[in-house]
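Notes follow once the structure below has been shown.
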Amino acid sequence: MLLLTMIFGGLAAAIHIYIFVLESVAWDRASTRKAFGIRSDSEAAATRSLAFNQGFYNLFLAVLVALGMVLFLTGSTVVGATLFFAGTGSMCAAGLVLLFSSPQLARAAFTQLAAPAVGIILGLFVLTS
């Protein structure tokens with residue numbers, strides 16, 4: 001169960017690193033604009049600084065989860081679990097905000113929240129068994 005928890009935590013971190021790259025590095029690419037529903041170069045330019053900042057939030061959440069995993073696996077169970085659950089919980093919460101504020105982006109919301117949600121559920125089993 002611990003292995004599955006770490007796999008889903010790692011997947012959640014990887015997804016959020018990918019989102020960071022899209023938002024903070026590749027915002028002006030046509031494929032990124034299409035993925036986020038940005039219709040024009042001017043709309044991309046107007047939202048670039050917002051996306052850049054939001055991308056770093058995603059990166060920081062990924063780092064939080066990864067650091068929690070490392071600490072948990074190296075024996076700092078309480079601190080590691082705290083960081084892991086804070087990161088994955090924030091990822092899930094952000095996914096729910098996206099889902100309820102922009103239902104047309106449901107696929108993106110579920111992509112953002114599914115892996116961390118499974119990681120949380122599995123992690124709770126690990127800690128309670």
Side-chain angles (χ1 to χ4, degrees):
M1 194 71 70
L2 177 60
L3 178 61
L4 285 174
T5 302
M6 295 300 136
I7 288 171
F8 279 96
L11 180 59
I15 289 167
H16 281 74
I17 290 170
Y18 176 67
I19 295 169
F20 157 75
V21 170
L22 290 177
E23 293 175 339
S24 297
V25 178
W27 188 249
D28 292 325
R29 292 185 186 160
S31 58
T32 302
R33 289 198 326 251
K34 181 180 177 186
F36 284 91
I38 303 297
R39 294 180 191 92
S40 67
D41 289 339
S42 62
E43 188 178 356
T47 56
R48 182 178 298 118
S49 64
L50 297 171
F52 183 78
N53 187 45
Q54 184 172 306
F56 275 89
Y57 276 92
N58 284 291
L59 177 63
F60 299 148
L61 290 174
V63 169
L64 193 66
V65 171
L67 182 58
M69 291 168 54
V70 168
L71 290 172
F72 189 92
L73 291 171
T74 58
S76 297
T77 307
V78 173
V79 174
T82 300
L83 294 176
F84 180 85
F85 288 122
T88 53
S90 295
M91 291 171 175
C92 287
L96 289 171
V97 168
L98 179 60
L99 178 63
F100 291 119
S101 66
S102 302
Q104 72 276 15
L105 297 176
R107 181 173 179 231
F110 284 116
T111 298
Q112 180 176 339
L113 71 84
V118 173
I120 289 169
I121 293 165
L122 293 171
L124 290 173
F125 279 114
V126 167
L127 289 176
T128 59
S129 50

Inset, instruction - Answer yes or no: does atom CZ of Phe36 have more than 12 heavy-atom neighbours from other residues, nucleotides or ligands under 6.0 Å? - result: yes

Legend entry - ILVMFWY network linking Leu98 to Ile38, side-chain heavy atoms under 4.5 angstrom: no

Legend entry - Cluster link Met1 to Phe8, ILVMFWY, side chain under 4.5 Å: yes

Legend entry - Spatial distance of atom CG (Leu2) from atom CD1 (Ile7) [nearest 0.5 Å]: 10.0 Å

Legend entry - Distance, nearest 0.5 Å, that separates OG1 of Thr32 from NZ of Lys34: 12.0 Å

Sequence neighbours left out, cut at 3.5 Å: what donor-acceptor pairs do the side chains of residues 105-129 make with other protein atoms?
| from | atom 1 | to | atom 2 | distance (Å) |
| --- | --- | --- | --- | --- |
| Thr111 | OG1 | Arg107 | O | 2.8 |
| Thr128 | OG1 | Leu124 | O | 2.8 |
| Thr128 | OG1 | Phe125 | O | 3.4 |
| Ser129 | OG | Phe125 | O | 2.7 |
| Ser129 | OG | Val126 | O | 3.4 |

Please table the atom pairs, donor to acceptor, closer than 3.5 Å between any side-chain atom in residues 9-27 and protein atoms at least two apart or in another chain.
| from | atom 1 | to | atom 2 | distance (Å) |
| --- | --- | --- | --- | --- |
| His16 | ND1 | Ala12 | O | 2.9 |
| Glu23 | OE1 | Gly55 | N | 3.2 |
| Glu23 | OE1 | Asn58 | ND2 | 3.0 |
| Glu23 | OE2 | Gln54 | NE2 | 2.9 |
| Ser24 | OG | Phe52 | O | 2.8 |
| Trp27 | NE1 | Ala44 | O | 3.2 |
| Trp27 | NE1 | Thr47 | OG1 | 3.2 |

Legend entry - Sidechain-backbone polar pair: Arg33 side chain, Arg39 backbone, donor-acceptor under 3.5 Å: no

Inset, instruction - Of all the heavy-atom pairs spanning Ser90 and Ala86, show the shortest one and how long it is. - result: OG-O, 2.9 Å

For residues 63-77, run the donor-acceptor check on the side chains, cut-off 3.5 Å, and write out each pair with its distance to 0.1 Å, sequence neighbours left out.
| from | atom 1 | to | atom 2 | distance (Å) |
| --- | --- | --- | --- | --- |
| Thr74 | OG1 | Val70 | O | 2.9 |
| Thr74 | OG1 | Leu71 | O | 3.2 |

